[in-house]
Amino acid sequence: MSGTMANGNEGQTNGRKSYILVVEDDEALLMMLRYNLEKLGYEVGVAEDGEQALARVAVRRPDLMVLDWMLPGLSGLDVCRRLRDQEATRTLPIIMLTARAGEADHIRGLDIGADDYVTKPCSIEALQARIRALMRRAPPAEQMLSFADVTLDTVAHRAERNGRQLTLGPTEYRILEFFLRHPRQVFSREDLLQRVWERGVHVEPRTVDVHIRRLRLILNGPGEADIVRTVRAAGYALDDPRP
């Protein structure tokens with residue numbers, strides 16, 4: 001990969017930096033991509049393997065992912081497949097960046113769910129153009145989520161209720177974000193395990209109850225109504241108890 005990106009501010013979207021996650025196990029290439037994308041004005045996160053990439057996305061959804069195919073452990077194809085199976089990342093723009101140049105590989109990558117497929121080596125300018133094109137087509141990520149008196153800034157990862165900042169653990173954050181995207185809908189423990197937890201991670205259904213209990217303790221301050229509703233034999237929902 002060659003070329004040098006010029007300074008610029010194309011990484012800005014609606015007054016904020018767009019966040020790109022680069023997943024690449026070649027350290028030199030990873031650092032070069034990070035340096036050039038940051039020069040363009042993007043905020044850049046990095047991961048060196050598939051499991052690390054999924055963990056990064058679980059904490060914060062990027063605006064776009066540049067994903068290597070040949071990763072140690074979990075391959076880029078597996079990462080892409082898992083992201084497409086989750087509602088929160090189903091539309092995440094993904095550029096597959098790989099040395100596999102065969103037409104069959106190209107087709108397979110797109111069939112798995114990649115939005116674009118770039119073969120190494122390629123120029124920085126070519127990758128830059130692909131990123132711009134995908135950013136233009138991608139629906140804007142919803143930054144602020146709210147329900148009743150709870151708000152969540154998905155970019156700053158800041159949650160508040162009635163102006164009171166909420167200190168959430170990673171799992172409670174993901175549950176709250178999921179509920180805020182689907183208010184008043186009832187989800188069983190199994191639903192939440194499939195949609196909030198990573199695939200392939202074995203978690204007992206009762207573990208969901210533990211995290212819901214923690215979320216309630218964080219959400220519900222003195223005198224505040226409990227907005228997490230338990231539906232007997234059905235599951236949980238984010239609901240406003242006020243008439």
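What you see below is based on every heavy atom in this structure, not just the backbone, and it leaves out hydrogens, waters and symmetry mates.
Cluster annotation: Met70 and Ile94 are assigned to the same hydrophobic cluster (Ile/Leu/Val/Met/Phe/Trp/Tyr, side-chain heavy-atom contacts under 4.5 Å, transitive). By the rule that hydrophobic residues join a cluster once side-chain heavy atoms approach within less than 4.5 Å of another member, Val228 and Phe147 end up as members of one cluster. With hydrophobic clusters built from ILVMFWY side chains whose heavy atoms lie under 4.5 angstrom apart, Ile131 shares a cluster with Met31. Transitive grouping of hydrophobic side chains (ILVMFWY, heavy atoms separated by less than 4.5 Å) brings Leu238 and Ile218 into a common cluster. Cluster annotation: Leu192 and Val210 are assigned to distinct hydrophobic clusters (Ile/Leu/Val/Met/Phe/Trp/Tyr, side-chain heavy-atom contacts under 4.5 Å, transitive).
Across all their heavy atoms, Gly50 and Val79 have their closest contact at CA-CG2, 3.5 Å. Contact record, Asp116 with Arg130: OD1-NH1, 2.8 Å, taken as the closest heavy-atom pair. Taking both residues in full, the closest heavy atoms of Leu83 and Thr89 are given as O-OG1, 2.6 Å, listed atom of the first, atom of the second, then distance. Between Ala114 and Met96 the shortest heavy-atom distance is CB-CB, 4.1 Å. Minimum heavy-atom separation, Leu21 to Ala53: CD2-O, 4.0 Å. The two residues Asp115 and Arg84 make their nearest non-hydrogen contact at OD2-NH2, 2.9 Å.
Residues Thr154 and Tyr173 have side chains in contact (heavy-atom distance under 4.5 Å, counting atoms from C-beta outward). The side-chain heavy atoms of Leu145 and Arg181, taken from C-beta on, include a pair separated by under 4.5 Å. A 4.5 Å side-chain heavy-atom check between Met65 and Pro93 finds every atom pair outside the cut-off. No side-chain heavy atom of Val66 sits less than 4.5 Å from a side-chain heavy atom of Val23. Looking at Val57 and Pro62, their side chains come closer than 4.5 Å, going by heavy atoms from C-beta outward. The shortest side-chain heavy-atom distance between Gln86 and Phe178 does not fall under the 4.5 Å cut-off. At least one side-chain heavy atom of Glu190 sits less than 4.5 Å from a side-chain heavy atom of Pro205. Considering only heavy atoms from C-beta on, Trp69 stays 4.5 Å or farther from Leu97 through its side chain.
Enclosure of atom CZ in Arg158 is not indicated, since only 12 or fewer non-hydrogen atoms of other residues, nucleotides or ligands lie within 6.0 angstrom. More than 12 heavy atoms of other residues, nucleotides or ligands lie within 6.0 Å of CZ in Arg90, so this atom counts as buried by the packing criterion.
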Trace of the side-chain contact (heavy atoms from CB on, under 4.5 Å) decision for Asp25 with Asp68: CA-CA 8 Å; Asp25 65 328; Asp68 186 20; 3.2 Å; yes

task: Please step through side-chain contact (heavy atoms from CB on, under 4.5 Å) for the pair Glu160 and Val150, ending with a clear verdict.
output: CA-CA 6 Å; Glu160 294 183 352; Val150 176; over 6 Å; no

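One N or O on the side chain of Glu224 and one on the backbone of Gly221 form a donor-acceptor pair closer than 3.5 Å. Of the possible donor and acceptor atoms, none in the side chain of Glu204 sits under 3.5 Å from a partner among the backbone N and O of Arg206. Asp78 contributes no side-chain N or O that, together with a main-chain N or O of Leu74, makes up a donor-acceptor pair within less than 3.5 Å. Listed for the Asn162 side chain is no donor-acceptor partner under 3.5 Å among the backbone atoms of Arg164.
Counted by atom type alone, Arg216 and Thr230 present one or more donor-acceptor pairs between their side chains at under 3.5 Å. Residues Asp209 and Tyr236 have side chains that bring a donor and an acceptor to within less than 3.5 angstrom of each other.
Residue His211 holds its NE2 atom at 8.5 Å from CZ of Arg174, rounded to the nearest 0.5 Å. To the nearest 0.5 Å, atom CG of residue Leu193 and atom OG1 of residue Thr207 are 7.5 Å apart. Between Ser18 atom OG and Glu43 atom CD the span is 9.5 Å, to the nearest 0.5 Å. Atom CZ in Arg229 sits 4.5 Å away from atom CG in Asp239 (nearest 0.5 Å).
Note: Phe187 and Phe179 have tilted aromatic rings, judged against thresholds of 30 and 60 degrees for the angle between ring planes.
The pair Arg161-Asp226 does not count as a salt bridge, with every side-chain nitrogen at least 4.0 angstrom from each carboxylate oxygen. The pair Arg61-Glu177 does not meet the salt-bridge criterion, since no charged nitrogen lies less than 4.0 angstrom from a carboxylate oxygen.
Shown are Leu33, Leu67, Leu29; of these, the side chain to side chain contact (heavy atoms under 4.5 Å, CB included) with Val22 is made only by Leu33.
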